[in-house]
Amino acid sequence: MKFGHFDDRNREYVITQPDTPLPWINYLGCQAYFGIISNTAGGYSFYRDARLRRLTRYRYNNAPFDFGGRYVYLRDEESGQFWSPSWQPTRRELENYSCRHGMGYTVIGSTLGGIEAHTRYFVPLDENLEVWQLTVTNRRKSKAQISAFSSIEFCLWDAQDDATNFQRNFNTGQVEVEESVIYHKTEYRERRNHFAYFACSEPLAGFDTQREAFLGRYRGWDSPAAVEAGQLTNSVAHGWAPIGAHQVKLDLEPGETKQIVFLLGYHENPVDQKFDPPGSQTINKALVKPTIAKYLDPVKADAAFERLRQYWDSLLGIFQVETPDFHTNRMVNIWNAYQCMATFNMSRSASFYESGIGRGLGFRDSNQDLLGFVHMAPARARERILDLAATQLPTGGAYHQYQPLTKRGNNDIGGGFNDDPHWLIVGVSAYLKETGDWSILDEPVPYDNEAGSEQPLYEHLQRSFRYTLERLGPHGLPLIGRADWNDCLNLNCFSDTPGQSFQTTTNKDGKVAESVFIAGLFVHAGRELAAIASRRGLAAEATSYLAESAKMEAVIREHGWDGGWFLRAYDDFGAKIGSKDCEEGKIFIESNGFCVLAGIGLEDGTALKAMDATREHLATKHGIVVQQPAYSRYYLNLGEISSYPPGYKENAGIFCHVNPWVMIGEARLGRGDAAHDYYSRINPSAREEIGELHRCEPYVYAQMIAGKDAPTFGEAKNSWLTGTAAWNYYAIAQWILGIRTTLDGLEIAPVIPTNWPGFTATRIFRGVTYNISIERKGEGNLIALSVDGKPIEGNVVTPPADGRKEVTIKGILS
Ligand code: BGC
Ligand code: NOJ
C-alpha cells in the first residue's frame, strides 16, 4: 500500500493521502533557521537551537499524533463552511489533496467546493525566516468570497520550560501588532534581545494573538470559534498563550488566483538598540522591516525560492549516478544525500522522534555524519570538526555531546563512552580524503574549550588514539567505558533502580568490561591515522600506529574470535558476550560488521566466516538485526539493551545504521550481490510498496526497523536523524559503486551485483568533474581503468596535472 509517489524529476515525494500511518515530515531551512513540517502542515520552527530558541509550539506524542503547526483555514463567506487545505487540523474531506515534500520546501494543498488552495513553505537562503505562499484559486463558475486565516502558536522560547513552568509562563506572554505584522516579544523586556514576527502581505480584516480568543473556550484547533464566526477578534495577548493569526478577505472572480504571503521570522536587535523610542518598552522594528518588506513581495519570494532550488541542484550535482536500479539512483541522487544534510544540520535534536529538547550534538554521531555530507559542505564540515575537537578532553576522551548554541560539551548524558575519540579520526580522515585540505591538521584547537590549551588538530587525533592504549582491559582489548557505539550495552551500569539513566549511572569501576567492537574501530582508526602521519612525513609515527593496530588485531584473533564469528564484548565478570556459549545474544552485528570493514580476517578466511555467520543468524528480509537470540529478560550486567522488548531498538531490532558495515564487509570480500541485496532490504524507496507495514516515510531512512522477534516485524521508527543516512550513503557510493575518496585521489573499485551491465556516474572531486562509466565484461571485480582514453596503472585517479577541470574515466570490470 502506497500513500503517494516519487516525482524524481522534480526531486519531490508527493503524498496523496493525508492520513499517512505516521506524520511524514520534511525540513525547512539549512543554515540557522529551521523547521520541521509534516504532510498535514504540522511541525514547528526554531532558530539554531530547537530547545532554547523555539519559535512555535508543537505537542509531541499527542492525539492526534501530529499536533501544532502552520495552519491555514479558508472560510466560504456565503455558506459559512470552513476548512484547512492541508487537511489538519479541521480534517474535512478534501479533493485532490497533495503534499509535495521537496528539497528544503513543502507545498501542501487541495480543493474543496471549487476553491483550490496551496501553500508553499520554505526558508530563503541566508535569512532567519520562513515564507508561506498561499495561493487561492476560484474554480467555480461564480464569484467567491473567501476569508483566509493563518495561524501559529508561539513558544515562549525555551521549549523545555515552555512545556513545564506554567506558574510563570502564564504571566509573561507579550506581543505587539503593527499594521499586518504580529510581533512576539515575550521576555524581550528583560534579557532577550530577540523577538519573532508573523507578517502578512495583505491588509488585515482582523487578527488574534490570544489563543483563547481565537479558539474559544473549550474548543480546539479543529474548529476555532473566530474562524467559524468569520471574524477574528483583534485580541492582544497578556500572558497565557500568545498566538499569531491573520484574517484576509479575498474576492475571487471565476478562474481568478490570488496569493497571500505570510512570513514567520526571528530577529535579534543589538542590545543597545532594542527599543524605539529608546527608553520605551516598544520593539525597535527599524532593522527588521526591510527584510519583512522584501519577502512579502511575491516576486522576491519567488526569486528566493529559485535560489534555494539552485542551491540544492548544485549540492546534489556533486554526485549523480545512473545504475540499473532506480531505487539506488533515487536515494543516491536525491533523498539519501538530502537526508545526510538534514542529519548534519540537526544532529539528533529535532524530528518527529527527537523532541528538540533532549539531545545536543553527539560527538560520535556528528563525526560519523561527516561521511555523508563532507562532499556537499566541506567548509561547514571543517567548522564542525574544529568545534567537535574543541570539546575533546585533555585525556583524549570526549563529552558525549555538546550544545550547538554554546559549542560547549555537556555532561547531561555523560562521558566516557570509549569509542567516542576514534570517531574524530574517522571524521577527519573523511574530510582529508574529500578535500585534500591538510591545513586543518595544523589548526590550533583547545581541549575542553579551555583558552590556552590549544594544540594542533593533529595532536587531538594522537590523543584520541592513545586514549584507548591507556585503557586496555584484562584481555588487552579496549575497556568499554560507559558503552561503545551501542549506547545500550552498558556493562558497568548495573542499575536496579527505576528511572536511573543508563547513560550516566555507573556502579562498577570499569576495569574489566571490554569491547571487541572498539578493538575493530581502533584497528581501523590506527590505519587511517598511520596513512595521515606518513603523508605528513612522520614515518616512525606511522609505523607505530600500524604496529599498534597489528597488535590489536592479534588480540582480536586471540580473545575476540569465537570460532565462527567475532565476539562482541566481555562483561564486568569477564564473561563473553556475543558467543556461542551465551544463552541469548550469541552473535552481534557490530563487531562482525566493523572488524570486517576494518579489513580484519580478509586473508585467512575469518572475515568470510563472520559474514556468513551474520547472514545465517542475523539477516532477515527486512534487514540485519543487532543480535540473536534477542534478550528475553532484563540483565543487570548488560543494561539498557535488555530493557527493550525483543525485536526493538538495540535488543535485536534492525539498526539501519550498522547494516552498512556488513554491506561494506561484503564489498571487501568482493561479494557485490550480497552487498547490494542488504542495501536494498532497508532502502526506504524499495520499501514504499509496504508502506502500511513500514509506516515511516519512504523517502528517508529510519534508525530502526522492528526485528523478527517483534510482533511488528518490519515496522520502522525514528526516521530522519540517524547515522543510517551517512553510512548507507557511504556504503553505496564508496564501497558498492566503489567511487572512493582516498588521500591521494579518487579510487574506482566497484563491487556491484553480477547482473548489472555497469553504471555511469558524475563526481565533482576537488574541483574536477569526473564522468565515470563502468562496464561489466565478466562477473568479477577486477577493474581496468582508462582516463581520458589512456589506460592507467592501478585504480586511483589522481588530479590532472595540467589543471583540466573535466575528466572521463572508463572502467571495465572482468
Ligand atoms: C537509545 C539509543 C540512543 C541512546 C542515546 C537510548 O535510549 O536506545 O539508540 O543511542 O538512548 O542517549
Ligand atoms: C543512536 C545514537 O545516536 C548513536 O550514537 C548510537 O550509536 C546508536 N543509537 C546505537 O545505540
Side-chain angles (χ1 to χ4, degrees), residues 342-344 346-351 353-372 388 398-402 410-424 426-427 480-491 493 495 499-505 515 517-518 520-521 568-569 585 588-591 593-594 623-627 630-631 634 638-661 701-707 710 716-728:
T343 309
F344 160 54
M346 296 290 119
S347 190
R348 306 296 176 270
S349 74
S351 74
Y353 309 85
E354 301 281 6
S355 66
I357 55 182
R359 305 211 276 163
L361 268 72
F363 191 88
R364 167 206 296 143
D365 294 339
S366 297
N367 275 304
Q368 291 173 80
D369 291 347
L370 283 163
L371 292 172
L388 285 165
Y399 289 103
H400 204 42
Q401 57 171 229
Y402 76 97
N410 71 44
N411 266 329
D412 292 356
I413 67 162
F417 294 78
N418 282 349
D419 64 317
D420 270 338
H422 294 295
W423 296 113
L424 184 66
V426 172
I480 196 166
R482 191 95 57 195
D484 60 22
W485 172 87
N486 190 330
D487 275 333
C488 301
L489 195 59
N490 314 120
L491 304 183
C493 180
S495 172
Q500 253 180 2
S501 161
F502 289 108
Q503 308 283 313
T504 52
T505 307
S515 162
F517 164 76
I518 300 182
L521 177 59
R568 179 63 177 83
F588 278 70
I589 189 172
E590 302 99 311
S591 47
F594 214 92
I624 312 165
V625 300
V626 174
Q627 92 277 15
Y631 295 115
Y634 178 61
L638 300 181
E640 186 171 0
I641 189 169
S642 58
S643 74
Y644 288 112
Y648 293 103
K649 292 276 283 181
E650 280 85 348
N651 188 10
I654 295 156
F655 238 81
C656 299
H657 181 146
V658 285
N659 276 226
W661 300 351
Y701 285 95
Q703 178 201 59
M704 201 254 334
I705 297 173
K717 281 191 198 125
N718 296 7
S719 55
W720 279 100
L721 304 185
T722 151
T724 307
W727 275 105
N728 276 277

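It should be emphasised that the depicted structure is a prediction, and the values quoted were computed from it without experimental measurement. Just so you know, ligand 1 is whichever comes first in the structure, and atom 1 is the first atom listed for that ligand.
Put simply, the side chain of K717 reaches to within 4.5 Å of the side chain of Y648, judged on heavy atoms. Using a 4.5 Å heavy-atom cutoff, the side chains of Y634 and S495 are in contact. Put simply, the side chain of H400 reaches to within 4.5 Å of the side chain of D420, judged on heavy atoms. For the pair Q703 and Y353, the minimum side-chain heavy-atom distance is 4.5 Å or more.
Listed by number with element, the atoms of ligand 1 under 4.0 Å from a non-hydrogen atom of D487 are 3 (C), 4 (C), 5 (C), 10 (O). Each of the following atoms of ligand 2 lies closer than 4.0 Å to a heavy atom of R364: 4 (C), 5 (O), 6 (C), 7 (O). Near K649, meaning under 4.0 Å from any of its heavy atoms, are these atoms of ligand 1: 1 (C), 2 (C), 8 (O), 9 (O). Near E640, with a cut-off below 4.0 Å to any heavy atom, the atoms of ligand 1 are 6 (C), 7 (O), 8 (O). Taking every non-hydrogen atom of Q703 and a distance limit under 4.0 Å, the qualifying atoms of ligand 2 come out as 1 (C), 9 (N). Less than 4.0 angstrom separates some heavy atom of E650 from each of these atoms of ligand 2: 9 (N), 10 (C), 11 (O). Listed by atom number, the atoms of ligand 2 under 4.0 Å from N486 heavy atoms are 11 (O).
Inclusion of W485 in the set of residues having an N or O under 3.5 Å from an N or O of ligand 2 is warranted.
For D487, heavy-atom contacts with ligand 2 shorter than 4.0 Å involve the backbone as well as the side chain. For Y644, every heavy-atom contact with ligand 1 shorter than 4.0 Å involves the side chain, none the backbone.
At least one heavy atom of Q703 lies less than 4.0 angstrom from ligand 1.
A salt bridge links R568 to D484: one of the charged nitrogens lies within less than 4.0 Å of a carboxylate oxygen. A salt bridge links D369 and R348; the closest N-O separation between the charged side-chain nitrogens and carboxylate oxygens is under 4.0 Å.
The aromatic rings of W661 and W727 sit perpendicular, their planes meeting at an angle over 60°, well past the 30° parallel limit.
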Let me see the working for Q627 and N651 under side chain to side chain donor-acceptor pair (under 3.5 Å), right down to the final yes or no.
-> CA-CA 7 Å; Q627 92 277 15; N651 188 10; 3.0 Å; yes
